[in-house]
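This report concerns only the one structure given below.
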There are 2 protein chains.
Amino acid sequence: MEIDTATTSTTWTIGELADEFGVTHRTIRFYEDQGLVTPERRGTARVFHVRDRVRLALVLRGKRLGFDLGQIRRIVDMYDEEPGEEGQLRYFLEQIAARRAELEQRRQDIETTLTELAEVERRARETLTNLH
Amino acid sequence: MEIDTATTSTTWTIGELADEFGVTHRTIRFYEDQGLVTPERRGTARVFHVRDRVRLALVLRGKRLGFDLGQIRRIVDMYDEEPGEEGQLRYFLEQIAARRAELEQRRQDIETTLTELAEVERRARETLTNLH
DNA sequence: TCTTACCTTTACGTTAACGTCAAGGAGAAG
DNA sequence: CTTCTCCTTGACGTTAACGTAAAGGTAAGA
C-alpha cells in the first residue's frame, strides 16, 4: 500500500538517487563507506535525506572536476562544518584558501587550453575554406 | 669530456625532463608506451626533442585538469594534427567542439564551487569576528 | 501464497597510472 | 681497469574507484 508519495518525498531510496544522478547502487554504497553520505537506517534499508542528496551532488561535481575522493571529501565537509573555536576557525580558513588555490590553478589551466584550442580550430577552419 | 652544454641544449635526456617537470623516469617511459611522447633513439638511449618537451607539458597540464590519459591524448594530438581532406577536417572540428564542451562544463563547475566556497568563507569570518 | 521489484551484505575482479625492485649496459673520470 | 653516474629493459606490486556475481531478505500486488 502506498503511504505518502503524493507530497514530493523528502527522502529517497538508493535506487531513486542512483537513477537521478546516473550512478549505480554500488557507487553510492561505496561513498557511504567513505563517509561521503550517511543515510539513515530503517531496519536494514537505507533512507537518504536532503543532506545526503546535496552531498551526493557535490561529490559528483567534484568528480567532474577530476578531484579524487580524498580531495572531494575535504571540500564537501566544509559545507557543513560546525563553527568551533578560534584556532579551528583559522585552520578552516587556511583549508579554504588551499582548496581555492587549487581551483584557481585549474581554472587558469582551462583558460589556457581553451585559448589554444581556439587557435587550433581557427587554423582548421582556414584550411577548410581554402579547399573551396 | 663535455661536448656542448654551454649553448642551451635543444635536446634532453629522460632525467633532465623528469627533474624539470617533477615526475619520475617511470612516468615518462609510461607516457612513451602510450604514445604521448616519442623520443628519438640513439642506440639504446632516449633523446627528447622540443616537440616531446611541449607534449609532456601539455600532458601534465591535462593531468592537473583531472583528465585521464585517453582524453589527454585526444587533446594533445590535436596540436599537431595534419591538415588532411575535408571529411577529416570536419570530424576534427567536431572533436574540438566536444573537448571544448567538456572544458566549459568544468569551468562552470569551478565557478560554482568557488562562489560557494566564498560564501562558506564569509560565514567563517563572520563567526570569527563575533568572537571578539 | 507466489511472483516481482527492489533492497541487502559479502567478496572477489578489474582498470588506470604508475611504483618498485632486479639485473645489467655505456661512457666519462680517476 | 675500476668506479660512478645515468641510463636501459623486464616484470611484478600497488592504489583508487568502483564492477560484478552470489545468495538472500522484504513488502506489495495478482
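Reminder, nothing fancy here: chain letters follow the sequence lines and each chain counts from 1.
Under a cut-off of 6.0 angstrom, the local environment of CD in A:E85 is crowded, with over 12 non-hydrogen atoms contributed by other residues, nucleotides or ligands. At most 12 heavy atoms of other shown residues, nucleotides or ligands fall within 6.0 angstrom of atom OH in A:Y91.
Side-chain nitrogen and oxygen atoms of A:T27 include none within less than 4.0 Å of the OP1 or OP2 phosphate oxygen of D:dA17. For D:dC18, one of the phosphate oxygens OP1 or OP2 lies less than 4.0 angstrom from a side-chain nitrogen or oxygen of A:Y31. OP1 or OP2 of D:dC18 has not a single side-chain nitrogen or oxygen of A:T24 nearer than 4.0 Å. Considering only side-chain N and O atoms, A:R46 lies under 4.0 angstrom from the phosphate OP1 or OP2 of C:dT9.
A straight line from CZ of A:R41 to P of D:dG25 spans 17 Å, rounded to a whole angstrom. When rounded to the nearest whole Å, the span between CZ of B:F67 and P of C:dA17 equals 13 Å. Taking atom CD1 of B:I28 as the reference point, atom C1' of C:dG19 lies 15 Å away to the nearest angstrom. Rounded to whole Å, atom C1' of D:dG19 lies 15 Å from atom CG of A:D33. We find that CH2 of A:W12 is positioned 19 Å from P of C:dC6, with the value rounded to whole Å. Taking atom CZ of residue A:R73 and atom P of nucleotide D:dA17, one finds them 11 Å apart after rounding to whole Å. For the pair B:E32 CD and D:dG10 P, the interatomic distance rounds to 12 Å; values are reported in whole Å. Atom CG of B:L60 and atom P of C:dC18 are 9 Å apart (whole Å).
Contact annotation for A:R29: base contact, defined as any heavy-atom pair under 4.0 Å involving a base atom. The residue B:R42 sits apart from the nucleic acid: no heavy atom pair falls under 4.0 Å.
Distance alone, capped at 3.5 Å, places no donor-acceptor pair between the B:E104 side chain and the B:A101 backbone. Using a distance-only test at 3.5 Å, with no hydrogens or angles considered, a donor-acceptor pair links the side chain of A:R73 to the main chain of A:Q34.
Residue A:K63 has its side chain nearest to D:dA17 when only D:dT8, C:dG19, D:dA17 are considered. Listed nucleotides D:dA11, C:dC7, C:dA11 differ in distance to A:H25; the shortest reach to its side chain belongs to C:dC7. Nearest to the side chain of B:F30, among D:dC18, D:dT9, C:dA17, sits C:dA17. When distances run from any side-chain atom of A:R26 to the nucleotides C:dC18, D:dA16, D:dG19, the shortest one goes to D:dG19. In this structure, the nucleotide among D:dT8, C:dT8, D:dC18 sitting nearest to the side chain of B:T44 is D:dT8.
Screening A:R51, A:H49, A:R46 against A:T38 for a side-chain hydrogen bond (donor to acceptor under 3.5 Å, both in side chains) leaves a single residue, A:R51.
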